[in-house]
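Have a look at the structure below, then the notes.
Predicted model, so just to flag it, every value in this text is computed and none were measured. Basis for what follows: all heavy atoms, side chains included, without hydrogens, waters or symmetry-related copies.
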Amino acid sequence: MKVLIINVVCGILSTGRICTDLAVEMEKQGHTIKIAYGRGNVPEEFQKYTICIGNQADVLFHVIKARTQDAMGVGSKRATKRFIEWIKRYNPDIIHLHNIHGYYIHIGILFDYLRSAKKRVIWTLHDCWAFTGHSAYCEEAGCKRWKEGCYKCPKQKEYPKSYLERSKQNWLYKKRCFTGIEQMEVVVPSQWLANLVKESFLGKYQIQVIHNGIDTRKFYAIESEFRKKYHIEEKRILLGVASTWSKLKGYNDFIELSKRLDQDFKIVLVGMDRRKSLPENIIGIKRTENIKELAGIYSSADIFLNLTYVDTYPTVNLEALACGVPIISYDTGGSAEIVHDFGGIVVKKGDMEALVECIKKYKTGEITVALKQNRTEIINKIDKTVFIRKMIKLYQKGTVKEERDNGGNRVCF
């Protein structure tokens with residue numbers, strides 16, 4: 001089998017690592033796989049899989065066009081035409097799309113080819129961009145205009161930021177591009193996103209939920225010197241982890257929370273820019289690529305707090321679970337879905353009073369932030385091998401169905 005994966009990055013960040021995880025396992029099974037990407041550096045061990053779409057100049061001009069004309073996805077014409085010619089020579093059996101936004105590919109040219117090539121297409125959506133007129137994260141604004149046709153996008157000034165508002169035209173263009181592909185199936189990492197897709201113009205396609213996974217051989221409960229290093233042996237640690245911190249990731253809420261907690265608590269934020277000044281009861285840790293170090297920080301925490309306002313299926317939740325740490329999460333997308341499946345507490349987004357009350361009751365023992373299953377059961381469901389097995393089964397035209405037990409919990413097979 002010959003597979004082509006298309007994503008904005010390769011081997012880095014969450015979507016890039018998903019692509020290379022699939023490539024490594026497919027190669028082990030004797031298949032041929034290539035990953036086409038548009039931006040970023042590729043770790044050396046994955047370069048054998050890659051084909052780069054365009055160059056930095058193509059990306060730059062695409063960014064300028066998107067910023068000035070609200071035209072994400074309609075730049076990079078020449079780069080995309082050259083890439084299509086390469087696809088014809090490679091002649092894959094399956095084309096697996098991931099993030100096709102990110103200023104590197106022309107969606108009209110790409111989907112014209114897909115429509116004419118009659119090849120099997122799998123499209124994994126990691127956000128809402130494919131069916132909105134602009135935003136990748138419409139949930140935070142509570143916007144539902146994408147159901148019938150976007151206009152006056154409330155997220156115009158956020159990614160993909162634009163000085164011009166063309167959400168109506170973009171929505172119509174995407175609908176024309178993305179519909180009518182005979183052999184296309186849509187995959188999403190959470191039931192939350194599946195429910196949105198079903199209400200969009202992509203809802204006519206077969207939609208399957210395949211949850212993301214993590215490497216549980218690297219994330220597990222371990223002994224750590226973290227508490228001793230920061231002299232917080234007696235504190236109750238509330239942990240937050242993000243690749244970058246912003247208002248949408250809950251940074252402002254963590255700052256506000258720090259003002260309302262007593263001295264028994266210490267907030268730890270991993271992924272913090274050390275240039276930011278933090279309150280005394282928040283420890284900021286620079287983003288680390290050392291997985292063992294990160295697992296040690298998770299293992300030292302009492303509660304993992306996910307105060308994100310936008311997320312599809314956050315792997316940081318899974319990493320915390322693998323290290324045996326319970327979760328308190330805002331009722332956000334797939335973050336809340338993970339808590340409902342595996343245990344923890346869900347709080348209404350932005351409800352600081354409820355969040356503080358929940359944490360105080362945890363301290364006094366009035367409520368328990370507990371996991372629904374033991375670690376072995378959780379590991380058997382969130383390990384990335386489960387995800388990879390399901391994706392390969394889908395490649396081989398197997399049927400991947402979501403199954404739940406009598407208690408409503410997700411069952412993997």
message = I'd like to know if the side chain of Asp70 reaches the main chain of Arg166, judged simply by a donor and an acceptor atom lying under 3.5 Å from each other, with no hydrogens or angles considered.
response = yes
Residue pair Asp253, Tyr330: steps toward the side-chain contact (heavy atoms from CB on, under 4.5 Å) verdict = CA-CA 11 Å; Asp253 291 34; Tyr330 277 167; 2.5 Å; yes
query = Any side-chain heavy-atom pair from Ile345 and Val339 closer than 4.5 angstrom?
reply = no
query = Taking the side chain from Glu165 and the backbone from Cys153, do they hold a donor-acceptor pair closer than 3.5 Å?
reply = yes
ask   = What are the two closest non-hydrogen atoms of Ile303 and Val325, and how far apart are they?
value = C-CG1, 3.8 Å
request  = Taking atom CD of Glu223 as the centre, report whether more than 12 heavy atoms of other residues, nucleotides or ligands fall under 6.0 Å from it.
outcome  = no
SB check Lys363 Asp262 (cutoff 4.0 Å) = yes
query = So, the side chain of Asn99 versus the backbone of Asn7: is there a donor-acceptor pair under 3.5 Å, distance only?
reply = no
inquiry  = Test your reading of the model: is there a side-chain donor-acceptor pair from Trp171 to the backbone of Tyr151, 3.5 Å cut-off?
reply    = no
ask   = Going through the checks in order, is the side-chain contact (heavy atoms from CB on, under 4.5 Å) test met by Lys390 and Gln208?
value = CA-CA 11 Å; Lys390 288 185 176 183; Gln208 300 199 49; over 6 Å; no
ask   = Parallel under 30°, tilted from 30 to 60°, perpendicular over 60°: which one fits the rings of Tyr313 and His211?
value = tilted
task = Look only at the side chain of Trp245 and the backbone of Val270, and say whether a donor-acceptor pair between them is shorter than 3.5 Å.
result = yes
ask   = Parallel under 30°, tilted from 30 to 60°, perpendicular over 60°: which one fits the rings of Phe219 and Tyr298?
value = perpendicular
ask   = If you round to the nearest 0.5 Å, how far is CG of Leu238 from CD1 of Ile328?
value = 7.5 Å
query = Can Asn252 and Ile255 be said to form a side-chain contact (heavy atoms from CB on, under 4.5 Å), step by step?
reply = CA-CA 5 Å; Asn252 293 2; Ile255 298 299; 5.5 Å; no
query = Taking Arg67 for the side chain and Pro160 for the main chain, is one N or O donor matched with an acceptor at less than 3.5 Å?
reply = no
task = Assign the ring pair Phe111 / Phe178 to parallel, tilted or perpendicular, where the plane angle (0 to 90°) is split at 30° and 60°.
result = tilted
ask   = Centre of Tyr362's six-membered ring, under 6.0 Å away, within 45 degrees of the axis: is that where NZ or CZ of Arg236 sits?
value = yes
request  = Could you verify whether a donor N or O on one side chain and an acceptor N or O on the other, from Ser299 and Ser224, lie under 3.5 Å apart?
outcome  = no
request  = Classify the angle between the aromatic ring planes of His106 and Tyr173 as parallel (below 30°), tilted (30 to 60°) or perpendicular (above 60°).
outcome  = perpendicular
ask   = So, for Ala354 and Val347, which heavy atoms are closest and what is the spacing to 0.1 Å?
value = CB-CG1, 3.9 Å
task = Say whether, by atom type as modelled, one donor and one acceptor occur between the side chain of Ser190 and the main chain of Thr312 under 3.5 angstrom.
result = yes
query = Do NZ/NE/NH1/NH2 and the carboxylate oxygens of Lys144 and Glu199 come within less than 4.0 Å?
reply = no
message = If you compare all heavy atoms of Lys174 against all heavy atoms of Gly133, which two are closest, and at what distance to 0.1 Å?
response = NZ-C, 4.4 Å
ask   = Is there side-chain contact between Phe387 and Ile18, with at least one heavy-atom pair below 4.5 Å?
value = yes
ask   = To the nearest 0.5 Å, what is the distance between CG (Leu202) and SG (Cys128)?
value = 11.0 Å
message = To the nearest 0.5 Å, what is the distance between OG1 on Thr385 and CG on Asp383?
response = 3.5 Å
ask   = Tell me, do Val59 and Val63 make a side-chain contact under 4.5 Å, heavy atoms counted?
value = yes
key: Minimal non-hydrogen separation, Ala136 against Asp127, with atom names   = O-CB, 3.4 Å
ask   = How about Asn41 and Ile12: do any of their side-chain heavy atoms sit closer than 4.5 Å?
value = no
request  = Give a yes or no on whether the ring-centroid distance for Trp123 and Tyr205 is below 6.0 angstrom.
outcome  = no
ask   = Can you check whether Ile35 reaches Val42 side chain to side chain, under 4.5 Å on heavy atoms?
value = no
message = Could you report the tightest heavy-atom contact between Ser76 and Asp58, atom names first, then the distance?
response = OG-O, 4.0 Å
query = Under 3.5 Å, side chain of Lys349 to main-chain N/O of Thr332, donor-acceptor pair present?
reply = no
ask   = When the ring planes of Trp86 and Phe83 are compared, do they come out parallel, tilted or perpendicular, using 30° and 60° as the limits?
value = parallel
key: Short side-chain to backbone donor-acceptor contact, Gln69 and Leu164, under 3.5 Å   = no
query = Of all heavy-atom pairs between Lys266 and Glu280, which one has the smallest distance, and what is that distance?
reply = NZ-O, 3.2 Å
key: Distance (rounded to the nearest 0.5 Å) between Lys348 NZ and Asp331 CG   = 10.0 Å
ask   = Are the side chains of Tyr395 and Met26 in touch, meaning some heavy atoms are under 4.5 Å apart?
value = yes
message = So that I can tick it off, tell me whether Lys77 and Asp112 are bridged by a salt bridge, with the cut-off set at under 4.0 angstrom between side-chain N and carboxylate O.
response = no
key: CD on Glu234 to CZ on Arg227, rounded to 0.5 Å   = 8.5 Å
query = Short question: side chain of His134, backbone of Glu158 - any donor-acceptor pair under 3.5 Å?
reply = yes
query = side-chain contact (heavy atoms from CB on, under 4.5 Å) between Leu239 and Phe304: does it pass, once the steps are laid out?
reply = CA-CA 5 Å; Leu239 175 65; Phe304 182 74; 4.0 Å; yes
inquiry  = Any non-hydrogen side-chain atom of Leu193 less than 4.5 Å from a side-chain atom of His126?
reply    = no
ask   = Under 4.0 Å between a Lys/Arg side-chain N and an Asp/Glu carboxylate O for Lys155 and Glu140?
value = yes
inquiry  = Taking side chain to side chain contact (heavy atoms under 4.5 Å, CB included) as the definition, give me every residue that meets it alongside Thr376, ordered by chain and number, with sequence neighbours left out.
reply    = Asn374, Asn380
ask   = Would a 4.5 Å heavy-atom cut-off, applied to side chains only, mark Asn317 and Asp311 as touching?
value = no
inquiry  = How long is the straight-line distance from NE2 of His96 back to SG of Cys19, given to the nearest 0.5 Å?
reply    = 7.0 Å
Ring geometry between Tyr103 and His62 (parallel below 30°, tilted from 30 to 60°, perpendicular above 60°) = perpendicular
message = Regarding Asn212 and Thr315, do their side chains bring together a donor and an acceptor under 3.5 Å, going by distance alone?
response = no
task = Run the salt-bridge test on Glu25 and Lys384 with the 4.0 Å N-O cut-off and return the result as yes or no.
result = no
